[in-house]
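First listed ligand is number 1; within each ligand, the first listed atom is number 1.
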Amino acid sequence: MPVVEIKNLNKSFGSTHVLRGIDFTVEQGEVVCVIGPSGSGKSTLLRCVNLLEVPQEGQVFVRGEEITDPDCHLDAARSQIGMVFQQFNLFPHLNVLANCTVAQTTVLKRKADEAEKIARSNLERVGLHDKITAYPAQLSGGQQQRVAIARALSMDPTLMLFDEPTSALDPELVGEVLTVMRKLALDGMTMLVVTHEMAFAREVADRVVFMDAGVIVEQGTPDEVIGNPQQERTKTFLRRVL
Ligand code: ADP
Ligand code: MG
């Protein structure tokens, strides 16, 4: 069973038809990178996967459960999906450890000591075990993004969504975040990543999806889509970013 299955997804904002009949699946353990021009609907697609945006038409299944069904227990479905945003979205008034425990205790009802143990192990995983008492404002952007990843991992997600996780970072901080993501991919995490980091997509993705104007124009292995694109729109985009 795929981790995510999307059927005929259509999303409009007012009269702007942003997603135009997207069909798409992500299999267990797969790393899928979504690339495409600004405004093509990449973020909206990601946000429909956990119903941060509600589509007008189509279905989204997460591990076989239709989350677009009005009767779906959305909180339970959502708690399986970790999301990492361009703007880290950490809680500024909580220290690093508390950022990684709060949803565990409130949403998953874990006991404080268990939540803390899990948070510590994920902060170790992203190389920030020595920063647990720091507040977000005391950290670099790269460190903050790694906390955001540890926070998402602490919920034991089935799937991790990343929306341009390195786009807000100074260039010298991009590498440390990509290193953490690469490690996650090697650990077998199922990942859907919107990114402009073509070298990362080429190296880490099992599949690359190129979107333009609300449709999937082409998809395939990185060698196919980035190395040997078939569609004119893909070629034009890659000429601009490579
Ligand atoms: P991308 O992530 O590929 O840059 P987005 O999914 O953010 O693209 O946006 C696709 C289109 O939808 C853009 O034209 C954008 O202006 C529009 N859009 C996105 N979110 C909203 C919103 N909340 N309200 C109105 N328009 C939106
Ligand atoms: Mg976007």
Taking only non-hydrogen atoms of T44 and a 4.0 Å limit, the atoms of ligand 1 in range are 5 (P), 6 (O), 9 (O)
Ligand 1 atoms nearer than 4.0 angstrom to some heavy atom of P37 are 3 (O)
Side-chain heavy atoms nearer than 4.5 Å, only ILVMFWY residues, links allowed to pass through others: does that put V126 and M189 together? yes
Given the rule that I, L, V, M, F, W and Y join up when any side-chain heavy atoms are under 4.5 Å apart, are F13 and L9 in one cluster?
yes
task: Decide side-chain contact (heavy atoms from CB on, under 4.5 Å) for V62 and L159; before the verdict, give the C-alpha distance in whole Å, the side-chain angles of both, and the deciding distance to 0.1 Å.
output: CA-CA 9 Å; V62 175; L159 165 73; 5.6 Å; no
### Task
Salt-bridge test for E116 and R120: reply yes if a basic N is under 4.0 Å from a carboxylate O, no otherwise.
yes
Check this for me - ligand 1, [X], N or O atoms closer than 3.5 angstrom, yes or no?
X	result
V18	no
E53	no
G39	yes

Discussion item. In the complex you have, is atom 16 (O) of ligand 1 within reach of the protein, judged by whether a heavy-atom distance drops under 4.0 Å?
Written reply: no
- Query: Are there protein heavy-atom neighbours of atom 11 (C) of ligand 1 below 4.0 Å?
  - Reply: yes
| Any donor-acceptor pair under 3.5 Å linking the side chain of K11 with the backbone of G41? | no
Using the side-chain contact (heavy atoms from CB on, under 4.5 Å) rule, take M83 and L52 through it: C-alpha gap first, then chi angles, then the decisive distance, then the call. CA-CA 11 Å; M83 184 144 186; L52 287 177; 4.1 Å; yes
#### Entry: N/O/S atom of T44 inside 2.8 Å of the Mg ion (ligand 2), strictly under
no
Heavy atom of the protein closest to [atom] (residue, atom name, distance):
atom	value
atom 8 (O) of ligand 1	G41 N, 3.2 Å
atom 3 (O) of ligand 1	K42 NZ, 2.8 Å
atom 24 (N) of ligand 1	F13 CD2, 3.5 Å
atom 7 (O) of ligand 1	S43 CB, 3.7 Å

Notebook entry, point to check: If we only count heavy atoms from C-beta on, is the T25 to E5 side-chain gap below 4.5 Å?
Noted result: yes
Review point. Considering only heavy atoms from C-beta outward, does the side chain of V147 approach that of P136 to under 4.5 Å?
Key: no
